[in-house]
Chemist: 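One structure, as structure tokens, below. Some questions next.
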Amino acid sequence: MNEAEYKRFTEAAAHCQMTNAAFLAYAVDKATRDLTRTAAEIATEREVIGELFAARRHLGRIHGLFNQVAKALNSGADAPHLDATAGAVLSAARRMEDATDALLAHRDGGAAA
């Protein structure tokens, strides 16, 4: 733990009116109650970046599928769920952009612009 992390830790314990040991014990106990969430919260930046790259690849594949849909529509085919699908993809892309912004803000130590 570096000095900045230790300072944050001791300030958090003091804010909760707990000793460092009690705060640490509480945090560890809380973390062990939901290991899936804990693993997600402590994922390394490398893992998060890897997931963002995977999401980008998936969005690239979706782009290719939308090109196929456009070709089919130009040939007279019907796509009754196209609007809902396009909306879902746009929502996923926006969430990915938000996640990227949050990661960059965290990495830079400030809030997203």
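Treat the numbers as computed from the prediction; the structure is a model and nothing was measured. The first residue of the sequence shown is numbered 1, and numbering continues consecutively from there. All values below come from the heavy atoms of this structure, side chains included, with hydrogens, waters and symmetry mates left out.
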Chemist: Under a 4.0 Å N-O cut-off, is there an ion pair linking K7 with E3?
Modeler: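 Looking at E3 together with K7, the answer is no, because their closest N to O distance does not fall below 4.0 Å.
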
Chemist: Return the CD to CZ distance between E51 and R56, rounded to the nearest 0.5 Å.
Modeler: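 Reported to 0.5 Å precision, the distance equals 13.5 Å.
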
Chemist: Indicate yes or no: at least one non-hydrogen side-chain atom of V28 is less than 4.5 angstrom from one of F23.
Modeler: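 Heavy-atom side-chain distance check fails, nothing below 4.5 Å.
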
Chemist: So, using salt bridge (charged side-chain N to carboxylate O under 4.0 Å, His left out) as the criterion, who are the partners of E5 when residues are at least two apart?
Modeler: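 With sequence neighbours excluded, E5 shows a salt bridge (charged side-chain N to carboxylate O under 4.0 Å, His left out) to no residue whatsoever.
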
Chemist: Could you tell me which residues satisfy salt bridge (charged side-chain N to carboxylate O under 4.0 Å, His left out) with R33, sequence neighbours excluded, listed by chain and number?
Modeler: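 If we apply the salt bridge (charged side-chain N to carboxylate O under 4.0 Å, His left out) test to R33, skipping adjacent residues, the hits are D29.
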
Chemist: Check side chain to side chain contact (heavy atoms under 4.5 Å, CB included) between Y26 and all other residues, then give those that pass, not counting sequence neighbours.
Modeler: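 Here the qualifying residues are M18, K30.
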
Chemist: Can you pull out every salt bridge (Lys or Arg N to Asp or Glu O under 4.0 Å) where at least one residue sits in residues 60-77? Sequence neighbours excluded, please.
Modeler: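 Matches after skipping sequence neighbours: none remain.
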
Chemist: Apply side chain to side chain contact (heavy atoms under 4.5 Å, CB included) to Q68 and list each qualifying residue two or more places apart in sequence or on a separate chain.
Modeler: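 By the side chain to side chain contact (heavy atoms under 4.5 Å, CB included) rule, Q68 matches L65.
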
Chemist: Does D83 have more than 12 heavy atoms from other residues, nucleotides or ligands lying within 6.0 Å of its CG?
Modeler: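 Result for CG/D83: open.
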
Chemist: Hydrophobic cluster mates of L103, side-chain heavy atoms under 4.5 angstrom, ILVMFWY only, any path?
Modeler: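 Reading the cluster by chain and number, L103 sits alongside V48, I49, L52, F53, L59, I62, F66, V69, L73, L82, V89, M96.
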
Chemist: Looking only at heavy atoms, what is the nearest atom pair of Y6 and N20, with distance?
Modeler: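 Closest pair (atom of Y6, atom of N20, distance): OH-ND2, 3.5 Å.
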
